[in-house]
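Below: the structure, in structure tokens.
Sequence positions, counted from 1, serve as the residue numbers for this chain.
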Amino acid sequence: MAVKYLFAKTLQKGIIKNRPNRFVMSVESRGKLWRCRCPSPTKIGNLNFKAIPCLLSLNESGGKTSHTVEAIALKNALGKCCWVGINQTKVNSICKYFIDKGELPRLLKGAKLERGGKIRDSMIDFVSKDVLLEIKTPLTVLPDLSSTVTNYDHAGEYERTIRHCRVLTKHAESGKRAILLLAYLYPAQLFNPFEQNATNNEFIKTVQRAFKKGVEFWQANFSFNSTGVTLLKYSKLRFSF
């Protein structure tokens with residue numbers, strides 16, 4: 001039986017009506033309109049968030065929102081619907097669960113991951129002995145599950161990744177393992193850096209340098225539904241810069 005990360009409660013279905021700001025989504029569910037937290041404050045593809053199916057978790061701790069939008073439904077090139085997880089906060093716990101269960105042995109085998117902290121000017125997700133592990137859940141560029149990738153001209157979206165790559169590069173230069181794991185909560189295409197332009201020039205150069213200095217880039221794809229998350233596959237990325 002496949003290992004599965006289970007949610008505490010089954011997620012409920014809803015329809016996103018709009019996204020008034022980057023932190024909030026208005027969702028219709030069970031005949032009511034709910035103010036819900038958006039757990040990904042960045043751009044999410046090129047979506048206008050009108051009549052998009054979603055999965056919700058209940059915010060039992062209260063607060064300004066009643067629910068959190070955990071996933072949205074998109075169609076692939078064949079017209080088949082698929083849930084795309086968007087909770088960039090929860091993804092760290094999901095990845096750690098599968099690593100601890102020994103489901104990513106080529107990435108980390110027998111590693112005891114501890115929560116990371118601030119290293120230089122960035123917060124790194126996890127540490128294990130001499131290993132640094134940073135996890136990213138890319139959503140700014142969302143290929144809608146097809147092979148077409150749109151490169152958005154938003155330099156600010158790259159800033160945090162640039163800082164993280166620089167920290168990882170310094171770690172790799174000292175002869176230690178530095179890993180950047182791209183975790184997609186849907187069956188994504190293998191990541192390839194975009195064509196260089198005036199907007200992403202620094203980002204591309206930073207990734208190139210990190211890769212050449214020994215930073216390991218990995219990708220893990222997961223399957224998401226209302227009860228939990230399962231690992232589909234994972235691979236080490238090899239770029240041809």
To the nearest 0.5 Å, atom CZ of Arg19 lies from atom CD1 of Ile44 at 4.5 Å
When rounded to the nearest 0.5 Å, the distance separating OG of Ser66 from CG of Leu58 is 7.5 Å
Gap separating the OH atom of Tyr186 from the OG1 atom of Thr137, nearest 0.5 angstrom: 10.5 Å
Could you check whether Gln88 and Ser40, counting side-chain N and O atoms only, form a donor-acceptor pair closer than 3.5 Å? yes
Heavy-atom count around Glu173 CD within 6.0 Å, excluding the residue itself: above 12? yes
Going by ring-ring contact (aromatic ring centres under 6.0 Å, His included), Phe98 matches just one of Phe222, Tyr5, Tyr234. Which one? Phe222
Working to the nearest 0.5 Å, report the span between NE2 of His67 and CD of Glu60. 10.0 Å
Is it true that the side chains of Thr227 and Lys4 contain a donor and an acceptor less than 3.5 Å apart? yes
In Å and rounded to the nearest 0.5 Å, what is the CZ to CG distance from Arg177 to Leu107? 6.5 Å
Might you confirm whether atom NZ of Lys170 has over 12 heavy atoms from other residues, nucleotides or ligands at distances under 6.0 Å? no
Rounded to the nearest 0.5 Å, what separates atom CD1 in Ile15 from atom SG in Cys54? 6.5 Å
Ser29 side chain to Lys13 main-chain N or O, any donor-acceptor pair under 3.5 Å? yes
Is it true that Glu70 and Ser57 share a donor-acceptor pair across their side chains at a distance under 3.5 Å? yes
